[in-house]
Amino acid sequence: MHTYAIANPVTLPHPALPDADWADSFSITTSDTGITPEIAAQKIMQSRPGWVARLMQIRDLAMRPFGLKPGVNDPKNHNIIGIFPVIARADNSITLGLNDKHLDFRLVIEIDHVAGGRTAIRAITAVKRHNILGQAYLATIAPFHRKIVPAMLNAAYGR
């Protein structure tokens, strides 16, 4: 039995990025077994709907003149998941992210094994904006981000 992704509150400061000034969180619960934070992160990143991939290509092209890092893509490197380097691993979470001149970004995937053999998977995004470009960028992408993260969780674990 699966559920669909829902928004959750997130409190700042967050340990993954203590000076973050923006954050959001979405979660989904699944009956899939054997899930680790790394497995969840990999499945979420591999379950990106086609429309999300196209939006990311547009973002990369539009932001190239501003020097935005497009992310890393190296499927053979186990310290990269999707396009993001792994920053930290713990028993119940994995932190991915990038630091750039306009903002620092963290994606934390947390898991919690709950009653009935179910697993709650939470995706927390934390951002520290450094300048006006970071503020403008986040203001532009935030509405898309709030659709993309639940779509990726649903594609990975929703039914």
Side-chain angles (χ1 to χ4, degrees), residues 2-30 32-48 52 56 59 63 67-75 77-115 117-158:
H2 296 347
T3 57
Y4 292 95
I6 59 169
N8 302 115
V10 61
T11 304
L12 292 178
H14 190 277
L17 191 61
D19 57 349
D21 56 15
W22 184 93
D24 69 5
S25 174
F26 297 89
S27 65
I28 194 164
T29 303
T30 181
D32 289 2
T33 59
I35 297 172
T36 66
E38 190 148 347
I39 288 169
Q42 289 171 346
K43 187 169 181 180
I44 292 164
M45 291 299 179
Q46 292 168 356
S47 299
R48 186 170 64 173
V52 172
M56 294 302 290
R59 178 203 73 117
M63 296 309 294
L68 179 75
K69 291 180 184 176
V72 183
N73 191 358
D74 185 356
N77 186 339
H78 68 275
N79 287 315
I80 297 173
I81 297 178
I83 61 169
F84 302 115
V86 175
I87 292 178
R89 288 179 168 93
D91 289 342
N92 291 324
S93 68
I94 190 165
T95 303
L96 314 176
L98 291 169
N99 293 343
D100 210 337
K101 62 184 175 188
H102 71 296
L103 59 76
D104 297 342
F105 158 83
R106 299 292 181 273
L107 172 61
V108 182
I109 303 297
E110 297 178 339
I111 63 162
D112 185 22
H113 299 289
V114 295
R118 298 174 60 74
T119 303
I121 302 166
R122 185 173 180 198
I124 301 163
T125 304
V127 176
K128 169 60 179 164
R129 297 169 284 191
H130 296 300
N131 52 39
I132 190 91
L133 179 59
Q135 293 169 357
Y137 175 76
L138 187 60
T140 302
I141 65 114
F144 298 100
H145 171 83
R146 290 185 188 107
K147 302 287 185 206
I148 290 169
V149 175
M152 290 176 70
L153 286 167
N154 289 334
Y157 291 103

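Fair warning: this is a prediction, and the values are worked out from it, not measured in the lab. We count residues from 1, following the sequence as given.
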Minimum heavy-atom distance between L98 and P85, given as atom pair plus value: CD2-CD, 3.5 Å
For R122 and S25, what are the C-alpha separation, side-chain angles and deciding distance, and is it a side-chain hydrogen bond (donor to acceptor under 3.5 Å, both in side chains)? CA-CA 7 Å; R122 185 173 180 198; S25 174; 2.7 Å; yes
Taking the side chain as every heavy atom from C-beta outward, state whether R129 and Q135 have any atom pair closer than 4.5 Å. yes
Does the side chain of L138 come within less than 4.5 Å of W22's, by heavy atoms? yes
Any idea how Y137 and H102 line up, ring-wise: parallel (<30°), tilted (30 to 60°), or perpendicular (>60°)? perpendicular
Close side-chain approach of K43 and I35, heavy atoms under 4.5 Å: no
Mind checking what makes side-chain hydrogen bond (donor to acceptor under 3.5 Å, both in side chains) contact with N92, not counting sequence neighbours? none
Quick one: do the R118 and T30 side chains pair a donor with an acceptor below 3.5 Å? no
Could you tell me whether the side chain of V108 reaches within less than 4.5 Å of the side chain of I94, counting heavy atoms only? no
Find out whether H130 and D104 are in side-chain contact, i.e. whether some heavy atom of one side chain is under 4.5 Å from a heavy atom of the other. yes
Heavy-atom side-chain contact between N8 and I124 under 4.5 Å: no
Can you check whether V86 reaches R89 side chain to side chain, under 4.5 Å on heavy atoms? yes
Least distance between heavy atoms, A126 atom then A20 atom: CB-CB, 4.0 Å
How close do A5 and N154 get, counting heavy atoms only, and between which atoms? N-OD1, 2.7 Å
Given side chains that start at C-beta, do those of T119 and D112 come closer than 4.5 Å, heavy atoms only? no
